[in-house]
Amino acid sequence: MTLFHKATKIVLVVERLIRDKVLAIVENEGAKGYTVTEGVGKGAHGLHGSDRPGIAPGFTIVRIEVIVADRAAAERITETVASRYFKEYPGIVYMDQVEVLRLDKF
Amino acid sequence: MTLFHKATKIVLVVERLIRDKVLAIVENEGAKGYTVTEGVGKGAHGLHGSDRPGIAPGFTIVRIEVIVADRAAAERITETVASRYFKEYPGIVYMDQVEVLRLDKF
Amino acid sequence: MTLFHKATKIVLVVERLIRDKVLAIVENEGAKGYTVTEGVGKGAHGLHGSDRPGIAPGFTIVRIEVIVADRAAAERITETVASRYFKEYPGIVYMDQVEVLRLDKF
Amino acid sequence: MDVLLDFAATFLSQLQKPTLAFLIGGVIIAALGSNLTIPDSIYRFIVFMLLITIGLEAGMEIRQADLVSMLLPALFAVILGIGAVVIGAFVLTRLPKLKADDGYATAGLFGAVSASTLAAAMVVLDEEGIPFEAWAPALYPFMDLPALLAAIILAGIARQRRDGGDGAKADIKAIIIDSLRGSAISALLLGMALGLFTQPGGVVESFYDPLFRGLLSILMLILGMEAWARLSELAKVAHWYATYAVISPLVHGLAAFGLGYVAHVLTGFSPGGVVLLAVMAGSSSDISGPPTLRAGIPGANPSAYIGASTSVGTPVAVAIGIPLFVALAQLVFDL
Amino acid sequence: MDVLLDFAATFLSQLQKPTLAFLIGGVIIAALGSNLTIPDSIYRFIVFMLLITIGLEAGMEIRQADLVSMLLPALFAVILGIGAVVIGAFVLTRLPKLKADDGYATAGLFGAVSASTLAAAMVVLDEEGIPFEAWAPALYPFMDLPALLAAIILAGIARQRRDGGDGAKADIKAIIIDSLRGSAISALLLGMALGLFTQPGGVVESFYDPLFRGLLSILMLILGMEAWARLSELAKVAHWYATYAVISPLVHGLAAFGLGYVAHVLTGFSPGGVVLLAVMAGSSSDISGPPTLRAGIPGANPSAYIGASTSVGTPVAVAIGIPLFVALAQLVFDL
Amino acid sequence: MDVLLDFAATFLSQLQKPTLAFLIGGVIIAALGSNLTIPDSIYRFIVFMLLITIGLEAGMEIRQADLVSMLLPALFAVILGIGAVVIGAFVLTRLPKLKADDGYATAGLFGAVSASTLAAAMVVLDEEGIPFEAWAPALYPFMDLPALLAAIILAGIARQRRDGGDGAKADIKAIIIDSLRGSAISALLLGMALGLFTQPGGVVESFYDPLFRGLLSILMLILGMEAWARLSELAKVAHWYATYAVISPLVHGLAAFGLGYVAHVLTGFSPGGVVLLAVMAGSSSDISGPPTLRAGIPGANPSAYIGASTSVGTPVAVAIGIPLFVALAQLVFDL
Ligand SMILES: Nc1ncnc2c1ncn2[C@@H]1O[C@H](COP(=O)(O)O)[C@@H](O)[C@H]1O
Ligand SMILES: Nc1ncnc2c1ncn2[C@@H]1O[C@H](COP(=O)(O)O)[C@@H](O)[C@H]1O
Ligand SMILES: Nc1ncnc2c1ncn2[C@@H]1O[C@H](COP(=O)(O)O)[C@@H](O)[C@H]1O
Ligand code: NA
Ligand code: NA
Ligand code: NA
């Protein structure tokens with residue numbers, strides 16, 4: 001078990017439109033990587049994306065998953081994105097504890 | 001740290017065919033939102049979806065992620081979906097504890 | 001609450017190119033199923049995948065989610081994949097504790 | 001004997017024709033493990049293009065056609081669809097170690113119609129210079145829907161017998177509506193409506209028609225690759241399905257040819273129309289059927305019925321059925 | 001009276017034409033709950049094909065055209081784009097229970113231009129044999145961009161008034177660049193550049209032109225389905241939007257027809273060109289507009305403005321606007 | 001001198017031709033930051049259409065061709081493919097601060113063949129009225145495969161030298177099979193088989209041929225956008241790659257032109273065929289190569305070799321290589 005190290009996982013769900021801006025924050029606040037999957041969603045701002053064509057792709061949802069070793073960095077990312085975008089733009093964020101191999105990668 | 005609140009994350013993996021019915025349950029049982037990503041999978045019911053064309057899209061897998069502040073609601077959603085669909089239809093569900101900002105959104 | 005059982009979730013993020021080899025390990029080490037979503041990502045090996053056409057699809061990222069009841073199996077999967085692929089190929093892995101219904105499915 | 005010779009001749013010449021050639025080509029490269037794939041969105045678009053084109057031409061023709069002459073073939077189409085399912089279900093549910101639900105679903109698929117097989121037959125008839133009523137392909141839904149319905153209803157009744165509970169009765173209307181809403185059927189019906197009530201002649205001639213054969217050749221390639229890819233799945237299920245998937249297309253087709261001949265005698269149904277009726281009956285649904293059955297017979301294992309239809313049914317229907325029925329027509333109607 | 005009769009005639013004949021027929025067909029099957037969908041990648045490719053073709057032809061023509069004759073129509077296009085937004089914003093932001101940002105965004109979309117409506121009008125003019133300068137469609141960006149800009153700037157100023165803070169001023173340049181970079185506009189401009197500076201004549205004749213009508217018919221089908229699908233969203237927002245979405249296309253179109261007529265008298269702008277100017281003004285942006293506005297007026301609710309444009313604006317512009325302006329042209333220029 | 005003048009002339013006229021114009025157009029709009037993207041599924045479908053069409057025509061021609069005349073060009077193709085890699089690897093692995101694996105992979109890509117560059121050359125030859133054997137494009141795999149193989153094997157041997165362990169030896173067969181299974185090669189081979197053994201003439205004439213130029217123009221646009229988009233990645237890697245990517249296409253092409261000339265003298269290989277051989281040698285793989293190398297030389301960094309090939313190699317091959325070799329042919333064979 002000495003193999004595994006605690007790390008913090010952050011999940012950000014935002015409109016694709018602001019994906020790159022959010023990813024920039026993620027990298028600036030010290031994350032070494034991220035994984036992005038596309039999807040559709042629903043929330044306070046209504047339905048996002050659909051199977052039908054014709055919706056500006058910028059409105060579909062991206063799920064950004066970031067793992068950082070340093071809890072403080074995780075909170076910085078979370079709070080920066082939230083304060084900068086979540087007043088005007090749709091989106092949510094949550095954090096979770098996970099176990100990783102090779103702590104140096106995170 | 002007072003910023004972050006405990007919440008429950010539910011992940012439902014079901015056939016796209018029944019996506020909308022499952023999402024209806026999710027909303028009825030009190031979730032304020034959800035995020036859906038598409039994928040392929042394998043389980044007791046064999047392979048689901050593939051890169052090859054021609055498979056009825058309804059058979060691919062959707063991963064539904066729901067975050068609720070109220071643990072009881074989470075259990076209601078989980079149990080309702082499981083009891084109504086998991087006898088006949090493929091699918092799994094699991095829950096996890098996460099930390100969120102802005103508890104009112106969940 | 002007696003309904004829910006502890007289980008271990010493994011998430012493997014690897015290049016699509018080696019997806020099938022990784023999934024083979026997952027199944028051999030005793031997982032009863034898996035869910036795969038596609039995406040793009042960034043890490044030590046640079047950017048993976050993009051919206052632009054023309055990139056060999058094999059280079060995009062797949063996120064493999066596996067839930068196993070047996071923690072030992074989880075560690076076997078994690079360590080086998082890491083030792084066999086993560087020297088040469090891009091990728092990360094992490095584990096997390098989750099609660100499931102129907103333990104027999106995992 | 002003659003039939004066999006004619007068939008042999010037609011078959012060999014068909015092997016050379018793009019339609020069949022691309023299908024076989026697809027099987028072969030898939031068997032050789034090629035990584036070639038046609039994107040799913042292209043596949044779905046091709047299917048849409050073929051079906052709306054069939055619909056548009058049917059619709060434009062129906063305007064002139066006297067509807068009476070359609071009634072008998074339509075009636076026969078319904079009978080063939082339901083008949084095939086009832087018999088198929090009877091057989092499959094009595095065979096050793098077959099799950100009842102799988103049997104009903106498989107019978108349903110083979111009673112239903114494959115749009116791509118139908119399109120292939122239309123091209124072959126064109127090439128052979130055998131004329132048919134442009135409304136003949138529009139018989140598709142008259143056979144497809146009743147077949148799927150019959151399968152779902154039979155399965156529902158059986159389920160009730162087994163574990164009682166509230167039956168499928170209630171949902172019949174829902175099922176009908178659902179299958180009419182399926183992408184394949186609605187593309188066909190949309191095309192028919194547009195052909196019937198509007199003047200799409202120009203765009204059909206300049207766009208939809210010229211692309212038909214080419215798109216079909218690509219679709220055949222895809223179906224060939226799919227056929228091989230799903231063999232493995234099929235192998236996992238009882239071999240009875242493979243047997244059924246080889247025999248039933250020919251049996252259904254010949255029965256349909258017979259009824260079509262009756263319609264020919266009674267109402268002058270064209271030889272080409274007879275062939276198309278036989279091809280429809282001999283085909284097994286590959287697009288519209290599976291989702292409808294998945295929803296209607298959730299207990300059934302898709303690998304079983306889709307595998308049987310895609311891996312065996314369609315190749316048999318295209319590669320053996322079409323040449324056989326064409327040769328038969330040439331013999332019977334001495335064309 | 002005459003206009004109405006002419007219009008009625010043209011309208012009925014239009015209903016029969018593929019363009020409008022496919023649009024209505026799309027609305028109907030969507031209303032019937034059909035599961036038919038055209039893959040998104042196909043939709044995006046079709047839009048690209050239409051826009052680059054329009055651009056290529058405009059570019060090839062501009063070579064011969066004397067640019068002076070373009071100046072006045074271009075100027076009018078700018079005026080119409082901005083004017084429509086200013087008036088629309090004035091009205092919508094004063095109506096009861098409308099969010100200001102939603103009002104600005106909606107006014108912006110209706111001031112902007114729909115490439116698909118424009119393409120539809122081009123086909124109708126061809127069918128009616130009404131000639132137009134091939135560069136006329138290239139007026140698109142001259143109306144589209146200023147309209148979107150005006151909306152974003154007005155919203156920015158209003159926001160500043162409300163909650164002070166640093167305004168949108170700074171980003172105007174960024175916004176212009178962004179909208180020029182939008183996929184729709186850049187496909188059009190790319191086509192124009194290629195047509196202007198290179199010799200694409202061959203490939204245009206053999207590939208782009210022949211596919212134009214067919215692809216447009218599919219696009220109309222998609223727009224029809226979309227229109228219905230988004231009605232529900234629209235229903236959720238204030239009904240004023242629906243009202244505005246019905247009236248403004250006709251008002252904008254008629255105003256543009258008037259200015260176009262002036263250009264006709266002063267610089268011999270062709271009757272067909274006048275119609276296209278009216279159609280552009282009467283159309284509401286469905287492709288390029290929404291993302292630009294989403295970024296420029298984040299406070300606005302996309303369901304409101306997209307719904308109004310896609311569900312009401314475009315259908316009205318295509319089904320009523322085009323026939324109306326064509327009939328008007330036939331009357332005014334007695335063609 | 002003459003060559004330069006001829007080249008200058010041909011080059012300028014080429015700039016006007018759609019093929020090159022769309023490529024440059026793509027680079028420019030990407031450089032201007034346009035958001036235009038062609039959906040990936042469309043891109044993959046276009047590549048499939050071009051390759052199967054090339055294959056179909058080659059296959060139909062090979063029937064008549066006397067195979068003997070193919071042997072020498074085929075042999076030269078193999079030699080050129082392997083030779084280019086051996087020399088490239090020798091150079092690149094000796095240059096300062098280059099990772100060995102990256103060097104082998106890059107040499108492999110530049111030894112291999114780009115289907116799109118080949119298709120572009122075919123269209124140019126048509127336009128210039130320079131005839132070539134329809135089987136000439138079928139030399140593609142004879143150069144492509146050996147090149148990729150050579151690179152992987154050399155890298156394997158080098159790795160063994162470095163860190164010992166069991167070498168790549170074992171997998172050579174696997175690698176050959178894998179690359180034959182690649183989507184590009186198998187589309188080409190499928191087309192050839194269909195052309196050789198069946199009668200696809202009708203559908204080729206009515207569907208595949210007419211779409212060829214148009215689809216190619218779109219592919220060129222995509223390649224142009226890609227070229228720019230990947231420059232940034234390339235910038236991150238050692239500049240030697242850029243230098244190599246500019247020089248080697250011309251060196252490889254000229255060497256191939258020489259060998260082609262020999263085949264012309266000895267076995268009457270057509271001037272157009274000589275140009276195509278030169279273009280293949282001068283091109284660098286953009287579709288089939290990268291995945292094969294990724295699997296075969298996992299240690300290499302894709303950004304390095306893909307960047308060099310897509311951003312520099314292909315543009316140089318299309319924009320400079322093709323006009324150069326055509327001008328050269330016109331000079332040498334005084335056409
Ligand atoms: N409770 C939730 N659970 C999971 N995803 C959510 C939830 N609420 C919102 N989302 C996601 O975040 C996006 C924006 O949320 P909102 O800002 O509430 O509209 C939605 O489209 C969903 O994809
Ligand atoms: N152990 C597992 N871990 C992750 N996903 C699973 C697991 N088992 C099943 N799934 C997902 O749930 C879908 C249906 O599962 P099943 O009902 O077991 O066929 C599969 O296609 C997978 O996508
Ligand atoms: N810190 C991280 N958080 C989330 N995903 C990551 C992280 N690091 C790497 N990844 C994912 O793993 C892939 C390969 O990582 P790497 O081997 O670091 O290039 C990346 O493309 C990402 O999709
Ligand atoms: Na049938
Ligand atoms: Na407008
Ligand atoms: Na080469």
Side-chain angles (χ1 to χ4, degrees), chain D residues 11-46 49-50 53 119-120 123-124 126-129 205-222 224-225 228-229 319, chain F residues 38-49 51-53 55-56 59-60 63 115 141 173-174 176-212 214-215 287-288 290-292 294-295:
Chain D
F11 180 70
L12 289 179
S13 78
Q14 282 311 320
L15 275 177
Q16 301 278 309
K17 294 280 167 62
T19 313
L20 193 43
F22 276 76
L23 180 78
I24 294 168
V27 173
I28 292 173
I29 64 169
L32 295 174
S34 162
N35 295 324
L36 177 65
T37 55
I38 308 296
D40 183 56
S41 53
I42 301 293
Y43 163 78
R44 276 156 53 214
F45 182 62
I46 290 175
M49 287 290 286
L50 295 181
T53 308
V123 168
V124 171
D126 275 355
E127 289 168 345
E128 298 288 319
E205 252 173 53
S206 71
F207 181 75
Y208 290 96
D209 259 359
L211 292 176
F212 194 83
R213 273 157 194 256
L215 293 178
L216 178 66
S217 67
I218 298 171
L219 181 59
M220 286 292 135
L221 178 64
I222 296 174
M225 298 191 287
W228 180 269
Chain F
I38 308 295
D40 183 57
S41 52
I42 301 294
Y43 163 78
R44 276 156 53 213
F45 181 62
I46 290 176
V47 171
F48 161 78
M49 288 289 286
L51 282 161
I52 197 168
T53 307
L56 284 162
M60 292 190 291
R63 268 200 245 115
K173 187 150 154 301
I176 298 180
I177 292 170
D178 258 26
S179 32
L180 281 169
R181 285 173 171 170
S183 54
I185 300 275
S186 43
L188 182 77
L189 296 180
L190 170 66
M192 284 177 66
L194 289 170
L196 196 49
F197 302 118
T198 74
Q199 309 289 354
V203 73
V204 169
E205 251 173 56
S206 71
F207 181 75
Y208 291 97
D209 258 1
L211 292 176
F212 195 82
L215 294 177
I287 298 154
S288 50
T292 311
R294 185 79 184 100

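Residue numbering restarts at 1 for every chain, and letters A, B, ... go by the order of the sequence lines. This is a predicted model, so every value here is computed, not measured.
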Under 3.5 Å, which donor-acceptor pairs link side chains of residues 20-28 of chain D to any protein atom two or more places apart or in another chain?
none

Under 3.5 Å, sequence neighbours excluded: what are the donor-acceptor pairs made by side chains of residues 200-211 of chain F?
residue, atom, partner, partner atom, Å
Ser206(F), OG, Gly202(F), O, 3.3
Tyr208(F), OH, Ser217(D), OG, 2.7

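Contacts of Leu189(F) with chain D are absent, with no heavy-atom separation under 4.5 Å from either backbone or side chain.
Checking side-chain atoms of Gln199(F) against main-chain N and O of Pro18(D) turns up no donor-acceptor pair under 3.5 Å.
Here the rule is side-chain contact (heavy atoms from CB on, under 4.5 Å) with Ser186(F), and of Leu32(D), Leu36(D), Asn35(D) only Leu36(D) fits it.
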message: The test is side-chain contact (heavy atoms from CB on, under 4.5 Å); show your working for Ile42(D) and Phe48(F) and say whether it passes.
response: CA-CA 12 Å; Ile42(D) 301 293; Phe48(F) 161 78; over 6 Å; no
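Nearest heavy-atom pair, Met49(F) versus Ile218(D), reported as atom, atom and distance to 0.1 Å: SD-CD1, 3.8 Å.
Annotation: maximal heavy-atom pairing with chain F below 4.5 Å, among Leu215(D), Ile29(D), Leu216(D), occurs at Leu215(D).
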